[in-house]
Each structure stands twice: as structure tokens, then as C-alpha cells.
Amino acid sequence: MGEQIAIRFSGVSHSFKERMALRNVSLEIAEGEFVAIMGANGSGKSTLAKHINALLLPSEGKVEIFGMDTSSPKRLLDIRKSIGYLQQNPQSQFVATIVEDDVAFGPENIGMEREAIGAAVHDALETVGMLDFAQRDSSQLSGGEMQRIALAGTLAMRPRILVLDEPTAMLDPLNRQRVLGIVRDLSQSGITIVLITHSVEEARLANRIVCMSGGEVAIDSSTEELLAAPERIAGIGLDLPFGAQVAHELERLGVSLDGHPLEQKIGELLWR
Amino acid sequence: MTLKVSFGHYCNVDSPIHRLDPRMKIHLFIVFLAAIFFVDTTWGVVALIAALAIVHIISKVPLKTALKAIWPMCLVCLFPLIVNLFATQGEPILTIGAYTLTDVGLHRSIFLTLRMLLILSLACELMLTTSAVEFCDATAYLLRPFSKLRFPADDVAMVFSIAIRFIPTLSEEYNSIRLAQMARGTELWKGKLSSRLRSFKAILLPLFVGAYRRAETLAQSMESRCYGTGAERTHYRQLKVRVWDFVALAIVIAVLVFAILWL
């Protein structure tokens, strides 16, 4: 491939007491890739995500981030500096009451100079479209605004990898689209994205989909290939969205979408 | 009963009190607190209330916000008020059954309640005008001498500021759980005391579990943002003592000396 490997899982297993959460997972994610990790509840998605930034260490096997072993305490700072991790509940992720102070928390922890912190906070808030909220009280924000601020908090450390653990699970459709729009832009800017999601609709944004089942990698495929075979997704307990089902059925009947949005194609067909 | 605890809530407005160095604010708090304990006359307490009221006006914090923060704490004052009203020897004023209200009891209970209210109002004023980060940085700075004794000053300051930051959040969570349990038919305010306490288990248990989950999420968020990874922490907000800080200290000391010595 020639691209640098950002994340490498080599035979990783993880157990919580007697329950195996990950079983012999081997996975490589190249720098700049946008990968969606899918799976039913308890399939091991979040456990996998927590291994990426060394919040969990493997019981067996090895996780490497840009070649750095996550089990090496000496590399912990470098690993965490290069990874932004966003969880689903934004309110519980805030350390400070003022937006700007919270976004500055990460850069402060890695010992950035004051001027550099100011620039990083400004850039991160600008990226998520929340520059006007810098002096606001974080507890007074809406769920969508909070999630965008939490995202800014991870971006302020200028990470090369972004791990998003169901970031839209608690958001309304409008804010969901906003957050996903930012994620898409970040992916286009070259950041490696790992998006944990239940939604096939969201996973369509990625170039590659990894499906987890019972702690194992059940499917590892390009997005196009997987969405062309919806029965494979249904097999691991996930529903294909109605739109995708219609699109698949239309294509099966020989109606090509030619890359147009489904709604537009249906409109055209009805008009005819 | 809805519990809306705003203690620990920061009111984000621009005022001379907000702009004071947080370390100086903590010093002023300690000086003021000492004065509350030294003053032993009613006029002295009145002077301190007036001083705190002036501080509050300068702070530009809306009165409604301040009262919301203080009122749940006022319940704490009820116990000493009632005990001192009826359990103090003196000249009887009123008798209700086996309980006698005395002149000394009335004076002492009013005095003690005002003193407790002053302490709580002072603490609320500090919280309302100092953000969690400022509070953390100032506490860490003031505890720094103890670091030589291997005392984890930075971590203790962080824990302290996070605990304060989460008080309003936990109060919101309490109200959500209470409503959810009431929707399921839990009657919290009916029956004997023992059954009421049992009903409260239905709130306290999920509240505790929820708080634990929040703590876990927060810890992971902090760790993933490199907290505790060994790098030396820098500070975006630089603490800086200005002339106005010393002027404020001088004014407060002058008022307190006046209240202690002449009233």
C-alpha cells in the first residue's frame, strides 16, 4: 500500500474477569483512512476503541500506534498526544466550566506554551464552528453544542487519529448531521478517523467498515462492497436503513443511482 | 421535593470581583471567615452582612442566581436555630407545651443562624465568582509548599475543583431519577419514616451508579487528553496578582478590623 500504518492490532484479546471482550483481533488501519467500526451491543466495539489510546491494554497480543507499543509506559504521552478520543456523553467529559478552559485542558496537559495553547484553542473552536462560544458556560449549552465543544477539546491537541465512540448517540438529527459534517471535513483534511457506530447510515461516510461480533472481527470490507450485500450486515444483528434497502433493491432491479442521492433518484422515477 | 443545588455553580459575568486573582480571593475568603468567628456582637455581624452585600453588588451576580445557590444550604441552619431557641437557659418569653423559648435562646439562635448564613453566603460568593479552572490553579498554587512532603497538591486541587463542578450536574441527575421513580409509582413523601427511607433507596442507588459512570467517563476523557501522563502541565490562564488585588485585601482587612474592634 505504501501508506504508513497508523493503528495495528496483532492478535489482541482482552478479558474482563471471565468474559472475553476481544478475541484474537488483528487489524491494520492506514494513516488517513476513515474506518467505521460496527456491531451489536457487547460486540467489543468500545473495548477495541479503548485499546487504541491505551485506556485498556491487551490481555494478549499487541496494539501499535504509528509503531509505538501501547503497553510501553514510556510511549504513553506520545500515543495519547497523537489520538483524540470522543465519547457519547458530552456533559460528563467536561473538566472546566468555561468552554475555552475546557478546550485548553489537553494542550495544558502536554505542556504547550501559553501562546500555542491560545492558537490551538482558537483553531479547534473554529473547526467545529463554535468560536463565538469560547467564553460561554459549558453547562448552559445544548447537547449538540456540548458534543462539538468536546470534539474541539480533542482537536486542540492536534491529533493524527480521531477515535469517535458513538459521538451522535445522544444528539438530535440536525446536530447529528453537523457533527458528522465536521468529521467528514476532518477526514478530508487527512486525519485518520475511527468511528464507532450502530448506524449503517453513518458508516456510509467511511471508506471501510469493520463489523465486530462476539469480540471478533466478523467483516472487514470496503463500504461499497458491504452495502452492496446487505444480507451480510443483517447477519451480525444490524439493520440496514430503509433508504439503503430501497437503493439496493433499485440497483438489483437494474436502476442505477449513478452516484445521485436516493431521494433525487426516487423523485425522478416518480416524475417519469 | 425538587432538589436544585446551584452551590458550586460559576456565574460567568465580567466584574472587578471576577477579575481578582483567585489566590487572593481564597486569602480574602479565609480572612473574612476568621472575622466571622471573631465578631461576637450583633452590630458586628450586621457590619459583615453589609460588607458581603457590597461585595455581592460589585460582583454583578444576579441576586436570583445567588439566592438559588444559597437556599438549599439554608436548611443546614434550621437545626442549630431550633436547638438554640428551645434548649438555652434564660428568662422565659413563650411556652409551647414542654418547650420554653427564652430571651437568651432567641438572641443566641438568631446570632448563630446569621453567622452560619454568612459563612455559606461567603462560600457561595467565592464559587459564583471563581471558575473551576481558576479555583484548581489557585488551590494547587497554595498547596504547592506541601509538595515537598510528597503531598499530591495538583491532583488534590483537581479533585476538589471537579467535585465542585459536578454538584449542579448531580443535582440535575437526582431530579431526573426522582421523576423517573415517581412515574413508576414510587411514593417518596408518604408513609412512615422507615418506608420513606426505603423509598429513597430507589433514588440513591441509581444516583450513586450514575455518579460512578460519570466519574469513569470523565476519568477516561481526562486520561485521553493526556492528564497524568508525566508531562509538566502548563496553564493557559496565567495567575497574576495586580495592584487592585492588594487594594481589595486592604479594604477587606480594614472593614473587618473595624467590625471586630469597634462594633
Minimum side-chain heavy-atom gap A:Ile117-B:Thr234 below 4.5 Å: yes
Straight-line distance of A:Asp101 CG to B:Tyr10 OH, nearest 0.5 Å: 8.5 Å
Any B:His235 side-chain heavy atom under 4.5 Å of A:Arg114 side chain: no
Other residues, nucleotides, ligands: >12 heavy atoms within 6.0 Å of B:Phe146 CZ: no
Charged N-O contact under 4.0 Å between A:Asp102 and B:Arg165: no
Atom pair CG (A:Asn89) and CZ (B:Arg214), whose distance is rounded to the nearest 0.5 Å: 6.0 Å
Part of A:Gln91 within contact of chain B (heavy atom distance under 4.5 Å): both
A:Phe66, CZ: over 12 other non-hydrogen atoms inside 6.0 angstrom: yes
Which portion of A:Asn53 sits near chain B, non-hydrogen atoms under 4.5 angstrom: side chain
Proximity breakdown for A:Pro107 and chain B, heavy-atom pairs closer than 4.5 Å: backbone
Closest contact, heavy atoms only, A:Glu108 versus B:Arg237: OE2-N, 4.4 Å
Engaged part of B:Glu232 at the chain A interface, taking heavy atoms whose separation is under 4.5 Å: backbone
Contacting region of A:Ala104 [heavy-atom separation from chain B under 4.5 Å]: side chain
Neighbour count >12 (heavy atoms, 6.0 Å) for atom CZ, B:Phe29: yes
Max heavy-atom pair count under 4.5 Å with chain B, selected residue of A:Ile110, A:Val163, A:Leu76, A:Leu55: A:Leu55
Chain A interface, residue from B:Ser224, B:Ala231, B:Gly228 that has the most non-hydrogen pairs under 4.5 Å: B:Ser224
Spatial distance of atom CZ (B:Arg225) from atom CD (A:Gln93) [nearest 0.5 Å]: 7.5 Å
Which atoms of B:Glu216 approach chain A - backbone, side chain, both or neither, heavy atom under 4.5 Å: neither
Gap separating the OH atom of B:Tyr227 from the CZ atom of A:Arg80, nearest 0.5 angstrom: 13.0 Å
Over 12 non-hydrogen atoms of neighbours within 6.0 angstrom of OH in B:Tyr212: no
Flag if over 12 foreign heavy atoms under 6.0 Å of CD, A:Glu60: no
Rounded distance (nearest 0.5 Å) linking atom CZ of A:Phe105 with atom CZ of B:Arg233: 5.0 Å
Side chain to side chain, B:Asn12 and A:Arg136, heavy atoms closer than 4.5 Å: no
A:Gln140 portion near chain B, given a 4.5 angstrom heavy-atom threshold: side chain
Spatial distance of atom CD (B:Glu223) from atom CG (A:Asn109) [nearest 0.5 Å]: 11.0 Å
Top of B:Cys226, B:Ser221, B:Ser131 for chain A proximity - count of heavy-atom pairs under 4.5 angstrom: B:Cys226
More than 12 heavy atoms from other groups under 6.0 Å of CZ on B:Arg213: no
Shortest non-hydrogen contact from A:Glu100 toward B:Tyr236: OE2-OH, 3.2 Å
Per-residue contact mode, B:Phe135 against chain A (heavy atom under 4.5 angstrom): neither
Top of A:Asp137, A:Val121, A:Ile98 for chain B proximity - count of heavy-atom pairs under 4.5 angstrom: A:Ile98
